[in-house]
Amino acid sequence: MKLHELIGYLHPFVDYKGENPEITSIENDNRRVNPGSLFICIKGYTVDGHDFAGAAVRNGAAAVLAERELSVNVPVIVVKDTMRAMAVLADAFYDQPSKKLHVIGITGTNGKTTTSHIIEKIFKDAGQKTGLIGTMYTKIGEQTFDVKNTTPESLTLQKTFKKMVDEQVDTAVMEVSSHALAYGRVHGTDYNVAVFTNLTQDHLDYHKTMDEYKKAKGLLFSQLGNTFNHEAPKFAVLNADDPASKDFAMLTAAHLLTYGIDNYADLQAMNISMTASGTTFDLVSPFGTMKVTIQLIGKFSIYNVLASIGAALVSGISLEAIIKSVELVKGVSGRFEVVDAGQDFSVIVDYAHTPDSLENVLKTVQQFAQKRIFCVVGCGGDRDRTKRPLMAKIACEYATNAIFTSDNPRSEDPSAIIKDMEEGVKGEVYTSIVDRREAIQHAINHAETGDVILIAGKGHETYQQIGDRTFDFDDRIVAREAIEER
Ligand SMILES: CC(=O)N[C@H]1[C@@H](OP(=O)(O)OP(=O)(O)OC[C@H]2O[C@@H](n3ccc(=O)[nH]c3=O)[C@H](O)[C@@H]2O)O[C@H](CO)[C@@H](O)[C@@H]1O[C@H](C)C(=O)N[C@@H](C)C(=O)N[C@H](CCC(=O)O)C(=O)O
Ligand SMILES: Nc1ncnc2c1ncn2[C@@H]1O[C@H](COP(=O)(O)OP(=O)(O)OP(=O)(O)O)[C@@H](O)[C@H]1O
Ligand SMILES: N[C@H](CCC[C@H](N)C(=O)O)C(=O)O
Ligand SMILES: [Mg+2]
């Protein structure tokens with residue numbers, strides 16, 4: 001695409017009439033620039049992309065988009081906000097790929113990864129080719145690609161959509177983090193369905209208040225479009241049991257479908273019965289009542305399944321086909337994952353890293369535990385500090401043996417993070433062991449027949465970040481080794 005045509009998409013804010021080179025790619029990292037690239041300078045948290053414009057030009061950049069004039073020997077186009085302009089240009093450069101896909105976006109504090117995988121399965125079983133973007137990876141068909149963020153910045157996102165279009169993907173399911181919404185990473189993405197899981201405390205380091213956090217989540221619904229396109233209608237799928245849904249309903253003109261357990265909803269689960277290996281409930285819907293038996297446990301799993309059923313239903317998949325698929329879902333890596341090395345006590349690895357998810361998962365463990373519950377848990381460094389005492393309190397409340405340890409301390413002192421946790425449990429009985437491996441070993445060495453050990457916070461993660469170093473660390477492997485060494 002020629003530079004003039006590309007920059008034309010920024011009309012009327014930019015009136016560029018200078019040199020008109022062919023633009024072969026758009027990059028915001030000088031290390032990825034090739035001859036012919038347009039280099040976009042982003043002022044980041046760590047560094048300022050403007051400082052890399054010279055290096056980008058040396059790598060062959062044909063033009064630079066920046067927030068100020070720069071002395072380089074290629075055209076520099078100045079805009080007020082390069083991050084916002086990047087979203088516009090990425091969408092244009094890749095020929096509006098999200099419009100060519102059925103895009104389902106999922107936001108909420110907990111359950112995004114799980115719900116996205118359930119939805120992916122339903123669409124795959126329905127014979128569609130799927131794409132998935134989220135915490136664990138980007139997936140196109142069966143191929144997976146590593147990711148840095150749950151929701152990538154606009155350039156990577158639109159490039160990924162384009163790849164999906166090229167590979168004949170029908171439906172793209174993606175997690176939409178609150179950071180992504182606040183930073184405008186998803187500007188220009190044309191969602192067909194927006195799904196809300198729940199809103200509870202997390203990320204207050206960034207959003208500061210729950211109200212600001214809710215506002216960020218709400219952006220997914222306000223961006224859902226304001227037109228009534230009857231050929232390709234848009235839908236918001238909302239959790240009737242979460243009070244934030246009322247606000248989100250007001251933010252969009254799209255059709256609403258609600259799901260829930262406690263409050264009246266279009267899709268409501270009733271007569272729930274749970275065993276240690278699965279859950280049965282009556283799904284009451286406008287299409288009649290059906291009995292559903294899933295292989296997942298915990299009330300939160302029912303919510304994830306209902307949200308998935310809703311997203312698939314509004315996308316035109318038959319309820320019968322949807323139910324058949326959800327009944328086959330086995331669970332997602334690192335979410336309530338059982339480690340079985342032949343021991344006579346249970347070990348569960350789970351990704352609960354917020355107060356609400358920890359409470360939910362411990363409540364579920366409590367429902368089935370016959371003896372003691374050990375909970376090995378830590379809190380991430382450089383993240384919401386206010387959740388630390390709350391998580392510790394929940395661990396002590398629901399577990400018989402709470403063991404506080406490190407999650408990913410990042411740049412913080414691991415002992416100081418544990419101290420923050422301990423602030424929430426003054427006078428209670430707990431054990432603190434900074435080294436996560438030792439903490440897991442401690443729980444496993446003290447477990448007796450019939451006990452349950454919940455190892456929370458890192459789920460599928462295969463690393464631990466301490467300082468600026470990343471070590472191999474997988475709770476599932478560490479637990480297995482500890483059981484074998486016992
Ligand atoms: C605070 C934050 O969101 N940071 C994101 C941001 O990084 P940054 O601002 O530090 O970027 P930077 O390193 O300063 O670079 C600035 C610019 O210079 C460029 N650069 C940089 C170095 C260089 O040598 N050359 C160069 O050109 C970079 O490409 C970039 O364009 O831009 C990066 C690239 O898009 C992101 O990967 C990074 O996410 C970091 C890793 C992060 O931890 N983000 C968290 C807070 C986050 O976004 N989390 C949510 C999930 C939350 C949830 O679970 O709900 C997510 O969606 O992942
Ligand atoms: N609907 C839910 N409500 C509350 N807790 C849940 C729900 N679904 C899952 N959880 C709990 O939250 C943990 C994380 O789930 P999941 O990875 O699906 O969430 P996520 O929203 O993708 O999280 P992240 O924002 O970190 O990517 C699970 O391991 C489980 O303990
Ligand atoms: N997406 C979440 C993941 C947290 C996972 C936990 N293990 C941690 O490192 O804090 C975040 O960035 O806050
Ligand atoms: Mg996730």
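Reckoned from all heavy atoms, side chains included, excluding hydrogens, waters and symmetry mates. For ligands, and for the atoms within them, numbers begin at 1 and follow the listed sequence. Computed from a predicted model, the values in this text were never measured in an experiment.
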For [atom], which protein heavy atom lies nearest, and how many Å away is it?
atom                    : result
atom 2 (C) of ligand 3  : His353 NE2, 3.9 Å
atom 20 (P) of ligand 2 : Lys112 N, 3.4 Å
atom 6 (C) of ligand 3  : Asp407 OD1, 3.3 Å
atom 13 (O) of ligand 3 : Arg383 NE, 3.2 Å
atom 30 (C) of ligand 2 : Asp350 OD2, 3.4 Å
atom 15 (O) of ligand 2 : Gly111 N, 3.8 Å
atom 8 (N) of ligand 2  : Asn304 ND2, 2.9 Å
atom 12 (O) of ligand 2 : Ser357 CB, 3.2 Å
atom 4 (C) of ligand 2  : Asn360 ND2, 3.3 Å
atom 10 (N) of ligand 2 : Phe300 CD1, 3.7 Å
atom 18 (O) of ligand 2 : Thr114 OG1, 2.5 Å

Q. Which ligand 3 atoms are under 4.0 Å away from a heavy-atom of Gly380?
A. 10 (O)
(Q) Within the 4.0 Å heavy-atom shell around Asn408, which atoms of ligand 3 are there? (A)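 Contacts of ligand 3 toward Asn408, numbered from 1: 7 (N), 8 (C), 9 (O).
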Do [X] and [Y] have side-chain atoms, one donor and one acceptor, less than 3.5 Å apart?
X      : Y      : answer
Tyr213 : Thr109 : yes
Thr156 : Arg185 : no
Asn271 : Asp282 : yes
Ser411 : Asp382 : yes
Ser98  : Gln158 : no
Thr113 : Ser116 : no
Thr354 : Asp202 : no

Ligand 3 to [X] polar contact by distance, N or O atoms, under 3.5 Å:
X      : result
Arg410 : yes
Lys458 : no
Thr150 : no
Glu461 : yes
Tyr351 : no

(Q) Evaluate Tyr206 against Tyr183 for ring-ring contact (aromatic ring centres under 6.0 Å, His included), listing each step before the verdict. (A) CA-CA 11 Å; Tyr206 176 64; Tyr183 284 124; 5.3 Å; yes
Counting from 1, what ligand 2 atoms have a heavy atom of [X] closer than 4.0 Å?
X      : result
Glu175 : 22 (O), 27 (O)
His353 : 26 (O)
Asp356 : 4 (C)

(Q) Test your reading of the structure: does Tyr351 have an N or O sitting under 3.5 Å from an N or O of ligand 2? (A)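 Right, the criterion is met.
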How does [X] reach ligand 2, by side chain, by backbone, by both or by neither, if only non-hydrogen atoms under 4.0 Å count?
X      : value
Asn198 : side chain
Asn110 : both
Thr113 : both
Thr197 : neither
Thr135 : side chain

(Q) Using the rule given for ring-ring contact (aromatic ring centres under 6.0 Å, His included), can you reason through Tyr351 versus His460, listing the C-alpha separation, both sets of side-chain angles and the distance that settles it, and then say yes or no? (A) CA-CA 7 Å; Tyr351 197 46; His460 64 280; 4.8 Å; yes
Take atom [atom1] in [X]; do more than 12 heavy atoms of anything else shown fall under 6.0 Å from it?
X      : atom1 : answer
Lys393 : NZ    : no
Asp146 : CG    : no
Lys291 : NZ    : yes

Q | Any donor-acceptor N/O pair, Thr171 side chain to Thr130 backbone, under 3.5 Å | A |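 Side chain of Thr171 to backbone of Thr130, a donor-acceptor pair under 3.5 Å: no, none is there.
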Q.
Quick one: does any side-chain atom of Thr189 pair with a main-chain N or O of Tyr191 as donor and acceptor, under 3.5 Å?
A.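 Not a single qualifying donor-acceptor pair exists.
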**Q.** Lys/Arg cation over aromatic Tyr463: Lys458, 6.0 Å, 45° cone
**A.**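 Verdict for Tyr463: a cation-pi partner in Lys458.
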Q) Quick check: does Thr113 put an N/O/S atom under 2.8 Å from the Mg ion (ligand 4)? A) yes
Q | Residue Thr135, metal the Mg ion (ligand 4), N/O/S under 2.8 Å | A | yes
**Q.** With His102, the side chain to side chain contact (heavy atoms under 4.5 Å, CB included) member among Asp170, Val173, Val193
**A.** Val193
Q. Strictly under 4.0 Å, does any heavy atom of Thr109 approach an atom of ligand 2?
A. yes
Q. Nearest to the Mg ion (ligand 4), which N, O or S atom of Glu175 do we find?
A.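 Of the nitrogen, oxygen and sulfur atoms in Glu175, the Mg ion (ligand 4) lies nearest to OE1.
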Q. Is the gap between the ring centers of Tyr430 and Phe404 under 6.0 Å?
A. yes
Q. Given side chains that start at C-beta, do those of Ile261 and Gln268 come closer than 4.5 Å, heavy atoms only?
A. no
Q) Any non-hydrogen atom of Gln465 lying under 4.0 Å from ligand 3? A)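 Checking ligand 3 against Gln465, which is what was asked, there is no heavy-atom contact under 4.0 Å.
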